[in-house]
Colleague: 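This is the structure, below, for whatever I ask next.
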Amino acid sequence: MASVPLSQQEKSITYKDTSQQIHTSKEPNAAEDKLNDIPEAVQKVKKHLGDKEGENRTERTKMAERKKRKRRSDVNRASSIWKLKNEGKLAAKKEGAVLETDDQLVPEPLAHIPLKSLMDVEATLVYLDEEDIAYEFVEPAVSTCAQAACHNPEKANAPSAPNLPQIDKWLEVTLRDASACYRQKKYAVAAGQFRTALELCSKGAAMGKPFDSSPHDISSVASFIETKLATCYLKMRKPDLALNHSHRSITLNPAYFRNHLRQAAVFRCLERYSEAARSAMIADYMYWLSGGTEQHISKLIKLYWQAMIEEAVTREESFSVMYTPFVTKAKADKIEKMKDIFAKKHPDYVEHIYTDPHGFHILPQTTDWSSLPPQQYLLTLGFRNKDVGKFLEKMSSRKLTIFSEYKAPLNLLTKEESRRHLETIGKKILPIMDFIRSTKLMDRFCACSHVIEKLQYASLLGCLQQATEESQVINQAMAELASLPYLQDISQQDAELLQSLMADAMDTLEGRRSDKERVWNKIQKVGIIEDFLYQTEDSFLKNKKLRIARRQKMKMKKLQSVQQQ
């Protein structure tokens, strides 16, 4: 997926075109030598495509620019530009007729990002070993309302003052010994020391003045230890052991962008590229929200995010994707037109074509968090399996996702049914939903929707007594819950649901049993009953229509027989 310059955002971005190139190319890439300047890598890719194609693209760009200038000429010159921007009208003028040039949409070829570039990003941002162990204790002073910070860019960009807590002396000695072993590449020994530090912290030996310390400081210390354990296990090439530690580091300190980036690195090692892409997207957003001003860091994170999306699409065989830029809600005829374009470009993925109507997707190469709103895209997915596509489309129409097609809603699932359901959800549905959210920062209907999907999946794992997998999924869900208030506005209803989900998730992890059901199980049961009632109603109405038709037919026959007599 090549970085797309802003002057060419009127092109749909499609994938699957260079999958072989990503796996077989061994040529050095511009991104390998110039990680800090992604646009320069794009320019080299453009030259490689040929002069003729570049001229055609330039001509189309000029034509689009002339249309934009004509539209802007109708705007009242005396109006305030700043007022237009605040009302969201300036963006609409600049992006006029984006969907009117669908016949000119040309897929951009993917720019191969070599593995060495990703390793360089991880060495710079993930495996950073601070001399001062208090470095990561700083949590940015961000508002829990992300939109409030967005509307005040000067406040959002202001760096927060360090607030370094004074940790317990024995804990400090243990941490320094662990850090020394880490620097000597004795990762197994370092991990043991960090585990000891975590035990000390859990027993209350975290702060030098425990009665004067804030929960924020204690969480920061524990988060630091968790993230160090994650990096140790990554160095030992044991990402499965690093996974829970990366989740818990976020739960304890969700505003620190490196925690999300380390989680992305763990997902990459586990070849869970869609989830790695989402973690990188959140890391980039958190970096901007906390006042990060170094552009080269943001470019490195975006490069990582972009590479994870490319890898996720390239390795996926069940579906293909296309992103189309838009300004306002697309009408039905435009969506049908996009589906036609998709079918022409991806004839192998036309069993079911689905456009996410509620998605406000963003791509790393066109995202500028300080510019509101970022360029938005509609996502079109094409599937080889029609049933999977229809199931996904059905789920997208819900406010809260319910994974169920039960015939008897009040009966418990048998183990065989749970195993079959887990196979469908875990291997067919959730991976697609994870990919959809790799370019979507927030959910439109319910902030907790994605988390509820994970927790329902965890319930299936629990029913089949897969405790390790269940624990990992619940920890991941808790990390997402802790991050949500930073990513979007949270309504009072969503806040109450979030707190309930977090409390129940913690109880489940700690093995606490209760006569009451978990929140996500109640939601699932209500959804199943609603489905059952809707299906019964549909069946009744269809049968009623058939009965009426039969009666009409019988009356006609009687009338005809009477007339014949």
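Computed from a prediction, not measured in an experiment: that's the story for all the values here.
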Colleague: Could you tell me whether Asp434 and Lys454 have a side-chain N and a carboxylate O separated by less than 4.0 Å?
Modeller: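 Looking at Lys454 together with Asp434, the answer is yes, because their closest N to O distance falls below 4.0 Å.
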Colleague: Quick one: sort the Phe383 and His352 rings into parallel, tilted or perpendicular, breaks at 30° and 60°.
Modeller: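 Phe383 vs His352 ring planes: tilted.
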Colleague: With a 4.5 Å heavy-atom cut-off, do Thr439 and Tyr377 have their side chains touching?
Modeller: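 Not touching, per the 4.5 Å side-chain cut-off.
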Colleague: Rounded to the nearest 0.5 Å, what's the gap from CG on Leu461 to OG on Ser418? Could you check?
Modeller: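 Spacing of CG (Leu461) from OG (Ser418) equals 10.5 Å.
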Colleague: Can any side-chain N or O of Asp504 pair as donor or acceptor with the backbone N or O of Val519 at less than 3.5 Å?
Modeller: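 Here the side-chain-to-backbone pair exists.
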Colleague: Might you confirm whether atom NZ of Lys339 has over 12 heavy atoms from other residues, nucleotides or ligands at distances under 6.0 Å?
Modeller: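 Yes, NZ of Lys339 has more than 12 neighbouring heavy atoms, counting only those of other groups under 6.0 Å.
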Colleague: Using 4.0 Å as the upper bound for N to carboxylate O, is an ion pair formed by Asp356 and Lys440?
Modeller: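 The answer is yes: the pair qualifies as a salt bridge.
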Colleague: Between Pro325 and Gln375, is there a side-chain heavy-atom distance shorter than 4.5 Å?
Modeller: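 Touching, per the 4.5 Å side-chain cut-off.
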Colleague: Quick one: list whatever passes side-chain hydrogen bond (donor to acceptor under 3.5 Å, both in side chains) with Thr355, sequence neighbours left out.
Modeller: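 For Thr355, the residues satisfying side-chain hydrogen bond (donor to acceptor under 3.5 Å, both in side chains) (neighbours in sequence not counted) are Thr380.
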Colleague: Going from CE on Met433 to CD1 on Ile425, what distance comes out if it is rounded to the nearest 0.5 angstrom?
Modeller: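 The CE atom of Met433 sits 7.5 Å away from the CD1 atom of Ile425.
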Colleague: Got a second to check how far Met506's CE is from Leu509's CG, nearest 0.5 Å?
Modeller: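 Output value for this atom pair is 6.5 Å.
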Colleague: Is the closest side-chain donor-acceptor distance between Gln476 and Glu480 under 3.5 Å?
Modeller: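 No pair is found: no donor N or O on one side chain lies under 3.5 Å from an acceptor on the other.
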Colleague: Can you tell whether the side chains of Glu416 and Arg419 come within less than 4.0 Å, N to carboxylate O?
Modeller: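 Here Glu416 pairs with Arg419 in a salt bridge, since their nearest N and O are under 4.0 Å apart.
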Colleague: Can you tell me how far CG of Leu243 sits from CZ of Arg272, rounded to the nearest 0.5 angstrom?
Modeller: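 Reported value, rounded in 0.5 Å steps: 5.5 Å.
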Colleague: Sequence neighbours excluded, which residues qualify as salt bridge (charged side-chain N to carboxylate O under 4.0 Å, His left out) partners of Glu423?
Modeller: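 Glu423: salt bridge (charged side-chain N to carboxylate O under 4.0 Å, His left out) contacts with Lys427.
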Colleague: Run through Met442, Glu275, Glu453 and flag the one making a side-chain contact (heavy atoms from CB on, under 4.5 Å) with Arg437.
Modeller: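 In the set Met442, Glu275, Glu453, the residue that makes a side-chain contact (heavy atoms from CB on, under 4.5 Å) with Arg437 is Glu453.
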Colleague: So, taking the atom named CD in Glu470 and the one named CG in Leu455, what distance separates them when rounded to the nearest 0.5 Å?
Modeller: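 Reported to 0.5 Å precision, the distance equals 10.0 Å.
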Colleague: Using 30° and 60° as the class limits, which term best fits the ring planes of His346 and Tyr349: parallel, tilted or perpendicular?
Modeller: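 The arrangement is perpendicular - the two ring planes meet at more than 60°.
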Colleague: Using side-chain heavy atoms (C-beta onward) and a distance below 4.5 Å, is Met478 in contact with Ile474?
Modeller: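 Yes - at least one pair of side-chain heavy atoms lies under 4.5 Å apart.
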Colleague: Are the side chains of Arg518 and Asp507 in contact, using a 4.5 Å heavy-atom criterion?
Modeller: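 Yes, close enough: below the 4.5 Å cut-off.
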Colleague: Will you find, in the side chains of Asn521 and Ser459, an N or O donor that is under 3.5 Å from an N or O acceptor?
Modeller: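 Checked: Asn521/Ser459 side chains pair up, N/O donor to acceptor below 3.5 Å.
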Colleague: Under 4.5 Å between any side-chain heavy atoms of Trp369 and Ile362, yes or no?
Modeller: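 Yes, at least one pair of side-chain atoms sits under 4.5 Å.
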Colleague: Decide yes or no for Met281 and Leu441: does some side-chain heavy atom of the first lie under 4.5 Å from some side-chain heavy atom of the second?
Modeller: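 A side-chain contact under 4.5 Å exists here.
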Colleague: Please say whether more than 12 non-hydrogen atoms of neighbouring residues, nucleotides or ligands are located less than 6.0 Å from CD in Glu510.
Modeller: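 Buried by this count: over 12 neighbours within 6.0 Å.
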Colleague: At what distance, to the nearest 0.5 angstrom, does CG of Leu379 lie from CD1 of Ile436?
Modeller: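 Spacing of CG (Leu379) from CD1 (Ile436) equals 6.0 Å.
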Colleague: Hey, does the side chain of Arg268 reach the backbone of Ala276 with a donor-acceptor pair shorter than 3.5 angstrom?
Modeller: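 Absent.
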